[in-house]
Amino acid sequence: MEVRISRILSEYHEYTRKEAEELLRQGRVKLNGGVAGIGERAAVSDEVKLDDVTIPLKGLFRKFSREAAEKQTGERYGKHGQDEQLFADNPKSKELRKGRKDNRKKRRGKNYEMEY
């Protein structure tokens, strides 16, 4: 699996893709010791550096492969529909899993602000 270097930069450093491409144009990004271009791709075995600081690719590629698997199967990684099987027969528990409505009484006391 190969991914564009601009995506790697945007995921790791939280840049936008355009900002990442600007870094590539400035020549601040290196791929395996050479200056990286805009359309170049990197694999897990490659070495990507931004301002001579290495970006760890193993975790990013794990995330990318999970996202690709989720797109193909339509399910979240590791979920496998366990909740739906456990609570399929009980509609009340299904409603409780959605979250409680916040219509409970508010606490009053010296540590809580007074609302008038």
Side-chain angles (χ1 to χ4, degrees):
M1 173 182 213
E2 290 188 340
V3 179
R4 285 182 178 238
I5 296 176
S6 60
R7 182 173 181 198
I8 291 170
L9 292 174
S10 65
E11 289 288 331
Y12 187 72
H13 288 290
E14 296 180 2
Y15 291 124
T16 61
R17 296 269 178 104
K18 288 186 178 185
E19 291 172 341
E21 287 178 2
E22 184 59 34
L23 293 172
L24 287 164
R25 280 190 195 99
Q26 293 172 1
R28 295 172 54 187
V29 182
K30 294 183 180 178
L31 175 65
N32 296 329
V35 178
I38 290 180
E40 289 192 51
R41 296 174 174 261
V44 179
S45 59
D46 292 333
E47 183 181 52
V48 178
K49 290 185 177 184
L50 174 64
D51 296 330
D52 295 326
V53 177
T54 304
I55 298 173
L57 298 179
K58 191 173 183 180
L60 287 174
F61 274 88
R62 193 176 303 134
K63 178 183 175 185
F64 297 150
S65 63
R66 271 194 221 129
E67 288 174 357
E70 287 172 11
K71 281 184 183 179
Q72 287 178 351
T73 60
E75 307 184 337
R76 289 192 58 205
Y77 177 78
K79 190 146 174 122
H80 304 298
Q82 295 168 353
D83 292 342
E84 297 302 322
Q85 292 173 359
L86 292 173
F87 300 105
D89 56 342
N90 191 349
K92 185 175 180 181
S93 62
K94 199 172 196 178
E95 289 297 317
L96 287 174
R97 284 186 295 129
K98 289 182 182 175
R100 296 184 179 268
K101 294 180 182 173
D102 197 20
N103 56 5
R104 297 170 285 183
K105 290 185 177 181
K106 303 283 185 199
R107 289 186 164 200
R108 305 252 184 239
K110 66 179 185 178
N111 294 330
Y112 295 92
E113 294 181 14
M114 299 290 281
E115 294 179 17
Y116 294 102

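Being a predicted model, the structure only gives us computed values, none of them experimental. In this chain, numbering begins with 1 at the start of the sequence shown.
- With sequence neighbours left out, the side chain to side chain donor-acceptor pair (under 3.5 Å) criterion links Lys49 to no other residue.
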Go through it in stages, so that I can follow the logic: the residues are Val29 and Val48, the test is side chain to side chain contact (heavy atoms under 4.5 Å, CB included), and I'd like the CA-CA distance, side-chain angles, deciding distance and then a yes or no.
CA-CA 7 Å; Val29 182; Val48 178; 4.1 Å; yes

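- Atoms CD1 and CG, from Ile38 and Leu24 in turn, are 6.5 Å apart once rounded to the nearest 0.5 Å.
- Residues that satisfy the side chain to side chain donor-acceptor pair (under 3.5 Å) test with Asp51, not counting sequence neighbours, are Arg28.
- The ring-ring contact (aromatic ring centres under 6.0 Å, His included) contacts involving residues 22-43 comprise nothing, where partners must be two or more places apart or lie in separate chains.
- Closest of all the heavy-atom pairs between Ala20 and Ser6 is CB-O, 3.5 Å.
- Applying the ring pair (Phe, Tyr, Trp, His ring centres under 6.0 Å) criterion to Tyr15, with sequence neighbours excluded, gives His13.
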Walk me through whether Val44 and Met1 qualify under side chain to side chain contact (heavy atoms under 4.5 Å, CB included).
CA-CA 8 Å; Val44 179; Met1 173 182 213; over 6 Å; no

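- Here the OG1 atom belonging to Thr54 is positioned 11.0 Å from the NZ atom belonging to Lys30, to the nearest 0.5 angstrom.
- For Glu47, there are no salt bridge (Lys or Arg N to Asp or Glu O under 4.0 Å) partners, not counting sequence neighbours.
- In plain terms, the two heavy atoms of Ala42 and Ile8 that are nearest each other are CB-CD1, 3.9 Å.
- Note that CG of Leu23 is 12.0 Å distant from CD1 of Ile5, once rounded to the nearest 0.5 Å.
- Applying the 4.5 Å side-chain rule to ILVMFWY residues, one finds that Val53 remains a lone member of its cluster.
- Checked against side chain to side chain donor-acceptor pair (under 3.5 Å), Glu67 has the following partners two or more places apart in sequence or in another chain: Arg7.
- Rounding to the nearest 0.5 Å places CD of Glu19 at 3.5 Å from OG1 of Thr16.
- We find the CZ-OG distance between Arg4 and Ser10 to be 11.5 Å, quoted to the nearest 0.5 Å.
- When the side chain to side chain contact (heavy atoms under 4.5 Å, CB included) test is applied to Glu14, no partner is found at least two apart in sequence or on another chain.
- Applying the salt bridge (Lys or Arg N to Asp or Glu O under 4.0 Å) test to Glu22 and every residue at least two apart in sequence or in another chain returns Arg25.
- Pairs passing the salt bridge (charged side-chain N to carboxylate O under 4.0 Å, His left out) check and including a residue from residues 34-44, sequence neighbours excluded, do not occur.
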Hey, can you pull the donor-acceptor pairs under 3.5 Å for the side chains in residues 55-63, sequence neighbours left out?
unit_1: Lys63; atom_1: NZ; unit_2: Glu11; atom_2: OE1; d: 2.6

